[in-house]
Amino acid sequence: MTEKIGVVGAGIVGLAVARELAMTRGAVVTVLEKEGRVGAHQTGHNSGVVHAGIYYPPGSLKARLCREGVALLKEYCAAHELPYHEAGKLVVAARHAERPRLAALAERARANGVPGIAELDALGLREIEPHATGVAAVHSPHTAICDFPAVARRLALDVAELGGSVRLSHPVRAIRERAGKAEVLAGTRKFAFDRLVVCAGLGTDAVAKMAGEAGDVRIVPFRGEFYALKGTARDLVRGLIYPVPDPRYPFLGVHLTRQIDGGVLVGPNAVLALAYEGYGRSNFRNVRQILSWPGTLRMARTHWRTGVREVYGSLVKKVFLDAARRYVPGLTSADLERAQGGVRAQAVARDGGLVDDFVVDVQGRVVLVRNAPSPAATSSLAIARHIAGIVPALV
């Protein structure tokens, strides 16, 4: 008997999962998406970086899926003539005190099998990025950039070509299990599936609640704001220039990123948002739900100093400029203009810990992807294989 599987969420992960289930299981897959287009949220509001696997603990699921995902994504983009460019990344130590962490990062990258990793001194990094400065750097020449919304649109076409469908403007309103099926009310239509896979990103908590599985983690949204370089200032950056990351946080800090269209982004910061789709500063739509989770306040108590700095940086352009000038000192305030930001779905545990690993729950006929952390877009095709292996088969 042919399986009927529903997937909630037409971001890049949900669409990749739908494609994988249709290809490998022969399932008839229906993707339910509340927006009028695919990739409307995290997929369409990121910097477009295809991460090489530098940051993740060797042997971890994140490291493995990232390396597998890069290879699959590069092959997929080539097969469908989608833009993909190995722009290269420098992780730069601005101060000598950062050099031990930089050296550890290089070792981690090599342990993860990241190709071409090189440790550079101050002169060596200038050979890669002539306008950059620092005391040392790690160079990842195969770190790439691509157009993730374009990948999502192609995945949606794949789903249709495999006999499935992507139902846009179909917000999920109710879920229940009855008579061996997962019944879903989406928009004004009722669907009955043998399995339901939830890849709802920022909407994860709402859909999990409908499924009766509130769980032990919640999504806390963080707004990431960007500036873009204007005019000839774009010529000051060839590829990607990143700071040495702070190991306490899953965020990578303000960096400079060449875009697939030739632009250069500066950012993002990480400001607690008070709405799940809080792209603007004045959106407080979900403040009660976000602050009622005990983990939110516990997280805030632990990291309030960092939070204050991030909010200050959100309000004062000079903070962004100073962060960028740390690595490209030739930039001026006139070179930066506001650009589109995004919102990251950060899973937070009850104790306030920032969850930086995959969380997937199987409850009856519903598979809930509660956390698919960065680099989820990079790893999407590999994540899809992983999740497809978790979805129970019909017996």
Side-chain angles (χ1 to χ4, degrees), residues 47 49 51-58 87-112 114 116-141 143 222 224-227 229 233 235-258 264-271 302-333 335-336 354 356 374:
S47 58
V49 177
H51 291 281
I54 294 173
Y55 303 105
Y56 319 117
K89 175 193 285 187
L90 281 180
V91 181
V92 178
R95 298 176 292 113
H96 286 286
E98 295 175 319
R99 296 189 75 156
R101 278 193 286 143
L102 186 70
L105 199 66
E107 287 304 308
R108 175 171 285 193
R110 294 189 184 100
N112 285 336
V114 179
I117 289 294
E119 295 179 74
L120 308 175
D121 60 14
L123 291 176
L125 74 88
R126 291 291 287 268
E127 292 175 359
I128 305 296
E129 289 282 359
H131 301 283
T133 187
V135 299
V138 167
H139 184 220
S140 171
T143 294
F222 280 83
E225 298 163 329
F226 288 94
Y227 283 87
L229 298 188
D235 298 333
L236 299 178
V237 179
R238 289 180 172 178
L240 290 72
I241 303 174
Y242 277 58
V244 179
D246 186 332
R248 295 175 298 170
Y249 302 107
F251 311 109
L252 296 178
V254 171
H255 43 272
L256 298 101
T257 307
R258 172 68 61 178
V264 177
L265 290 179
V266 181
N269 57 0
V271 180
T302 301
H303 302 294
W304 68 269
R305 289 182 179 84
T306 299
V308 169
R309 286 197 300 270
E310 293 293 306
V311 171
Y312 181 63
S314 173
L315 299 174
V316 180
K317 181 180 181 180
K318 186 177 183 298
V319 175
F320 256 88
L321 176 63
D322 289 346
R325 281 174 53 85
R326 219 177 162 211
Y327 306 100
V328 183
L331 292 172
T332 69
S333 181
D335 295 326
L336 273 65
L354 301 174
D356 195 30
S374 178

- Message: Is the shortest side-chain heavy-atom distance between Phe226 and Ser47 below 4.5 Å?
- Response: yes
- Item | With sequence neighbours excluded, residues passing side chain to side chain contact (heavy atoms under 4.5 Å, CB included) with Thr133 | Pro329
- Message: How close do His139 and Leu120 get, counting heavy atoms only, and between which atoms?
- Response: CB-CD1, 3.8 Å
- Which atom of Val244 lies closest to which atom of Glu98, heavy atoms considered: CG2-CB, 4.2 Å
- Query: So His255 and Tyr242, would you call those rings parallel, tilted or perpendicular, with 30° and 60° as cut-offs?
  - Reply: parallel
- Donor-acceptor pair, Asp335 side chain versus Ala233 backbone, under 3.5 Å? no
- Query: Please walk me through it: do Val114 and Thr143 pass side chain to side chain contact (heavy atoms under 4.5 Å, CB included)?
  - Reply: CA-CA 9 Å; Val114 179; Thr143 294; 5.9 Å; no
- Task: Please report the shortest heavy-atom distance between Ser140 and Ile54, naming the atom on each side.
- Result: CB-CD1, 3.6 Å
- Query: Backbone N or O of Ala132 within a donor-acceptor pair of the Arg126 side chain at under 3.5 Å?
  - Reply: yes
- Query: Taking NZ, NE, NH1 and NH2 as the nitrogens, is one of them in Arg258 or Glu129 under 4.0 Å from a carboxylate oxygen of the other?
  - Reply: no
- Item | Ion pair check, Asp322 and Lys318, cut-off under 4.0 Å | yes
- Note on the structure: In terms of heavy-atom contacts, Leu125 and Leu90 come closest through O-CD1, 3.8 Å
- Which atom of Ala324 lies closest to which atom of Val266, heavy atoms considered: CB-CG1, 3.8 Å
- Side chain to side chain, Arg238 and Pro130, heavy atoms closer than 4.5 Å: yes
- Task: Evaluate the criterion side chain to side chain contact (heavy atoms under 4.5 Å, CB included) for residue pair Val91 and Tyr55; output intermediate values, then yes/no.
- Result: CA-CA 11 Å; Val91 181; Tyr55 303 105; 4.0 Å; yes
- Side chains of Pro245 and Leu105: closer than 4.5 Å at any heavy-atom pair? yes
- Answer whether the closest heavy-atom distance between the side chains of Val92 and Pro243 falls below 4.5 Å. no
- Beyond-backbone contact of Leu256 with Leu331, side-chain heavy atoms, under 4.5 angstrom: yes
- Query: Just by distance, do the side chain of Lys317 and the backbone of Leu336 share a donor-acceptor pair under 3.5 Å?
  - Reply: yes
- Task: For residues Leu321 and Ser333, report the shortest heavy-atom separation together with the two atoms involved.
- Result: CD2-N, 3.6 Å
- Message: Does Arg99 form a salt bridge (charged side-chain N to carboxylate O under 4.0 Å, His left out) with Glu119? I'd like the steps, not just the answer.
- Response: CA-CA 11 Å; Arg99 296 189 75 156; Glu119 295 179 74; over 6 Å; no
